[in-house]
Amino acid sequence: MVDKKSLSERDICSKFITPALQQAGWNIQTQVLEEVSFTDGKIYVRGKLTTRGERKRADYLLYYQDNPIAIIEAKDNKHSVRAGIQQALNYARILDIPSVFSSNGDGFIFHDRTVADETIETELSLENFPSPEALWLKYKLYKGIVTPEGEKIALQKYFSDGSARKPRYYQQIAINRTVEAIANGQNRILLVMATGTGKTYTAFQIIHRLWKSGAKKRILFLADRNALIDQTKRGDFKHFKDKMTVVKHRMIDKSYEIYLALYQGLAGADEDANAYKQFSPEFFDLIIIDECHRGSAKDNSSWREILTYFGKATHVGLTATPKETKETSNTEYFGEPVYTYSLKQGIDDGFLAPYKVIRVALNVDAEGYRPEQGKTDKEGNEIEDRIYNRKDFDRSLVIEERTDAVAKKLTEYLKGYDRFAKTIVFCVDIDHAERMRNAIARHNADLVAENYKYVMQITGDNDEGKRELDNFINPEEKYPVIATTSELMTTGVDAQTCKVIVLDANINSMTKFKQIVGRGTRINEEFNKLYFTILDFRNATDNFADPEFDGDPIRVKPITEDTDLTTIIEEEEKEDTPIIDDISGEEIILVPPIVRKVSDSANEEYIKRPKQYINGVNVSVLVSRELYFDNNGKPITISLKDYTKNIIQEKFSSLDDFLLKWNNAEKKEALIKELQEQGVMVEALYEAVDKQVDLFDLICHVAYDQPPLTRKERANNVKKRNYFTKYGEQARKVLETLLDKYADEGVENIESIEVLRVKPFDEYGSPMEIIGEFGDKQKYLEAVRELEIELYRKV
């Protein structure tokens, strides 16, 4: 008879839980996945190095077709049958799963999320685990699927091209919730997914499942930029092959089933240019609106006319930044999002790159600039006597030395980091982007001489630059390295390897700020893109402190209010928010209080504000500092020392408690990772205190006011105690070398056997030969453990 208490968790799974599933009718090969990691593990940045946290992992996921319908958390038999239920419920909430189980091999606890009475949790024997059909009924109840047509859509498989690529867990939820909402008769649907999380792939799978199931036969994918259409056609949508077409030059061919089109390609300023009317209003039964926070979000835009015309179709809006202002509301049109996957969630899961923020304060920005008496611009016109600030610079007043200072600071940063790190510089307008390109070129003359495409202006009016956009976002292409832009690259640009974002524009729109930050959030491990840096010259990163940054959008638009275009213009001027030209994607600068004619067709006449250009101004960097963010993605406003002290004292009740847990930790590296996951910024503390101080001393000093010892001092203390005399000569040399390694690099680097493969350990033989000097692997690890105890022994 097997003693269950002696079995590992894996043994409990293989000997008891899996057989119980088989007995209940589950196909182990097709319906059961074991040890499923559904996140990638949060990326932690330490200087230029990165490390990943632990992945979230479910012991069992049970599927009905492509739908995950149940989760099981397994424990060894030393635990109770209900020991895993809280962890399983947490995972079930994340994964949107209704049936939740915990087991220790004796039976199951079944938590049923479809009920709210005393049957919510019941205990089942191993022989009574529910069948696939029984849990599919629970899933349908949970999702509100009540018709055969709805069930057919829900059971339609995902597209697979034979590769290992499958939807990530959040994509799967977004896809399922969308098709389920459509199956239940909902015709206006909003999906909110952070930039870089695969909205286009998600849209493709939604379309594929609805198309293949026969629920939707003709589909229109709408976007507002050629780059978005081109990326979509070449990317995931390529699998539609000859069933798909791109509408160009207002030429309509009604023989296709999947259509990709620009708003501007379907609607025009006059009735004759409205190509969409060549289709009947019933032609499309599904329309996907990409980046729906833009033109289509406004009630009275010409783009909204397209959606109104095809009003009987199902409309699905995709955006990273739903727009909710007094004039514009995505949720008013689409309803509340059926699913939201935020930037914070993406970073925490390890699917999106974390960011570092460096704030740079220039003297003229912080103190303002007042021209001396009689100061004239380059054309001889006198400059008005007043104090100019960030809102004025590069919009109404151009200080050439300020542009040069920004270019110089960026160049200094890249020289210390990587001069070929893909970088986007966001400027006030096209003129500013042009001047910034010139300034950066001058400060990087050596690289520009090798290839003039090292830095390029990529704006709506610059054909040469626009032609290079594809090369900039292509990881395989070296050039361009730096792109200066204003609006063209704020949205829809899949810059996988963008490592630096420079903010030298006044960004007062949260939507725009989120979109710009999104240019850096993609991860590309092949090209070592795991995090990105924001260089902020305009305090735009104040937006990180706004609850709206990563929270749910709050509807502020009165639903019953009639708002005309004149009001929109006045409000946007008041908020200093630029109006964006729909075709070029560039800013149209407004000039109050000039009266503008507003026609019924929403065509406005704008006059550009004249700029004045000056030089001879002393511009310098006052301060450059890195901002730090807590686990909720909000800037830390207290000192880093106090912030760390609070976290550590919450985790460890006293200094003795910390000492006990530190000394009992099998691997110090695991405890260090745990502290990082709690929000302790290890690398930042090292920089603030002393690189040669051990993390142990750093914590004791910061949290408990203990005088710190350097690593070298700790290593020397061990040597003085003649601790090594009990070992043979060769083993003693190895331990002394480990001690030197500790003094140079820290405790984490001596805990892995891999350290024996690097210099100078190769002088002592192979890792196996070195371990042999201690007897065996276990005895070697015990020796390292004893060495650590000696290092941290109280004297």
Side-chain angles (χ1 to χ4, degrees), residues 1-38 56-143 145 148 151-152 154-158 160 166 169 172 176:
M1 182 101 178
V2 176
D3 177 15
K4 279 189 182 180
K5 302 292 183 192
S6 68
L7 297 178
S8 68
E9 182 181 299
R10 274 290 90 206
D11 288 335
I12 292 292
C13 290
S14 61
K15 294 180 184 295
F16 298 97
I17 299 177
T18 299
L21 297 178
Q22 287 176 305
Q23 184 179 334
W26 291 87
N27 186 313
I28 302 302
Q29 280 70 45
T30 61
Q31 293 183 301
V32 179
L33 287 180
E34 292 190 57
E35 296 190 290
V36 183
S37 293
F38 57 90
K56 288 187 174 72
R57 191 197 69 186
D59 290 325
Y60 287 86
L61 284 182
L62 309 185
Y63 284 79
Y64 198 87
Q65 294 283 54
D66 280 342
N67 302 289
I69 63 173
I71 185 170
I72 306 173
E73 179 63 26
K75 296 293 181 184
D76 64 41
N77 202 251
K78 297 185 186 74
H79 292 82
S80 73
V81 69
R82 64 187 62 83
I85 197 67
Q86 289 192 163
Q87 184 176 335
L89 281 168
N90 181 39
Y91 288 174
R93 176 189 56 81
I94 295 169
L95 298 171
D96 202 24
I97 288 173
S99 296
V100 188
F101 297 87
S102 169
S103 179
N104 66 348
D106 288 340
F108 296 94
I109 288 292
F110 174 28
H111 184 106
D112 184 353
R113 297 179 73 206
T114 68
V115 300
D117 56 31
E118 64 276 5
T119 65
I120 192 167
E121 281 192 3
T122 54
E123 191 162 350
L124 305 174
S125 68
L126 289 174
E127 294 74 29
N128 288 327
F129 192 85
S131 68
E133 290 70 28
L135 293 187
W136 174 243
L137 289 175
K138 293 285 185 185
Y139 183 86
K140 288 196 293 180
L141 179 63
Y142 180 70
K143 295 289 189 173
I145 300 167
E151 185 171 14
K152 181 183 178 184
L155 288 174
Q156 179 61 49
K157 286 184 171 293
Y158 293 104
S160 175
K166 292 180 179 178
Y169 85 86
Q172 195 167 47
N176 285 349

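Sequence positions, counted from 1, serve as the residue numbers for this chain. Computed over heavy atoms, backbone and side chain alike; hydrogens, waters and symmetry mates excluded.
Heavy-atom minimum distance, D59 versus R10: O-NH2, 4.5 Å. When all heavy atoms of C13 and P19 are compared, the closest pair comes out as O-CD, 4.0 Å. Pairing each heavy atom of A134 with each of P130, the nearest pair is CB-CB, 4.2 Å. Between P132 and I69, the shortest heavy-atom contact is O-CD1, 4.1 Å. A pairwise comparison of heavy atoms in N67 and A154 identifies ND2-O, 3.0 Å as the closest pair. The minimum heavy-atom distance linking G25 with Q31 is given by the pair O-OE1, 3.9 Å.
Here the OG-CG distance, from S6 to D11, works out to 8.0 Å after rounding to the nearest 0.5 Å. Atom CG of L95 sits about 9.5 Å away from atom CG of N90, to the nearest 0.5 Å. For the atom pair CD of E34 and CG of L21, the computed distance is 8.0 Å after rounding to the nearest 0.5 Å. A distance of 9.0 Å separates CD1 in I12 from NZ in K78, rounded to the nearest 0.5 Å. Within the model, atoms NE2 of H111 and CD1 of I120 stand 4.0 Å from one another, a figure rounded to the nearest 0.5 Å. Taking CD from Q156 and CD from Q65, the interatomic distance works out to 8.5 Å, rounded to the nearest 0.5 Å.
No side-chain heavy atom of T122 sits under 4.5 Å from any side-chain heavy atom of I109. With a 4.5 Å cut-off on side-chain heavy atoms, Q172 and P68 count as touching. Side-chain contact between I71 and L62 is absent, with no heavy-atom pair separated by less than 4.5 Å. Side chains of T18 and I28 form a contact here, defined as non-hydrogen atoms less than 4.5 Å apart. Looking at D96 and K143, their side chains come closer than 4.5 Å, going by heavy atoms from C-beta outward. By the 4.5 Å heavy-atom criterion applied to side chains, N27 and V32 are not counted as neighbours. For the pair F108 and V81, the minimum side-chain heavy-atom distance is 4.5 Å or more. Considering only heavy atoms from C-beta on, Y91 stays 4.5 Å or farther from L89 through its side chain.
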Show the numbers, then the answer: is there a side-chain hydrogen bond (donor to acceptor under 3.5 Å, both in side chains) between Y158 and N176? CA-CA 10 Å; Y158 293 104; N176 285 349; 2.8 Å; yes

Using the rule given for ring-ring contact (aromatic ring centres under 6.0 Å, His included), can you reason through Y60 versus F101, listing the C-alpha separation, both sets of side-chain angles and the distance that settles it, and then say yes or no? CA-CA 9 Å; Y60 287 86; F101 297 87; over 10 Å; no

Please report the C-alpha distance between I94 and F38 in whole Å, then the side-chain angles of each, then the deciding distance to 0.1 Å, and finally whether the side chain to side chain contact (heavy atoms under 4.5 Å, CB included) criterion is met. CA-CA 10 Å; I94 295 169; F38 57 90; 4.1 Å; yes

Going through the checks in order, is the side chain to side chain contact (heavy atoms under 4.5 Å, CB included) test met by L7 and K15? CA-CA 10 Å; L7 297 178; K15 294 180 184 295; 4.0 Å; yes

Step by step, work out the salt bridge (Lys or Arg N to Asp or Glu O under 4.0 Å) result for E151 and K140. CA-CA 8 Å; E151 185 171 14; K140 288 196 293 180; 3.3 Å; yes

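Taking a cutoff of 4.0 Å between a charged side-chain nitrogen and a carboxylate oxygen, K4 and D106 qualify as a salt bridge. In this structure, R82 does not pair ionically with E121, as no charged nitrogen and carboxylate oxygen lie closer than 4.0 Å. Between E9 and K75, none of the side-chain N atoms (NZ, or NE/NH1/NH2) sits under 4.0 Å from a carboxylate O, so this pair counts as no salt bridge.
Checked by atom type and distance alone, the side chain of S102 pairs as donor or acceptor with a backbone atom of G84 at under 3.5 Å.
Checked options L124, T119, I72, N128; the residue passing with F110 is L124 (criterion: side-chain contact (heavy atoms from CB on, under 4.5 Å)).
Considering only residues two or more places apart in sequence or on other chains, Y64 meets the ring-ring contact (aromatic ring centres under 6.0 Å, His included) condition with W136.
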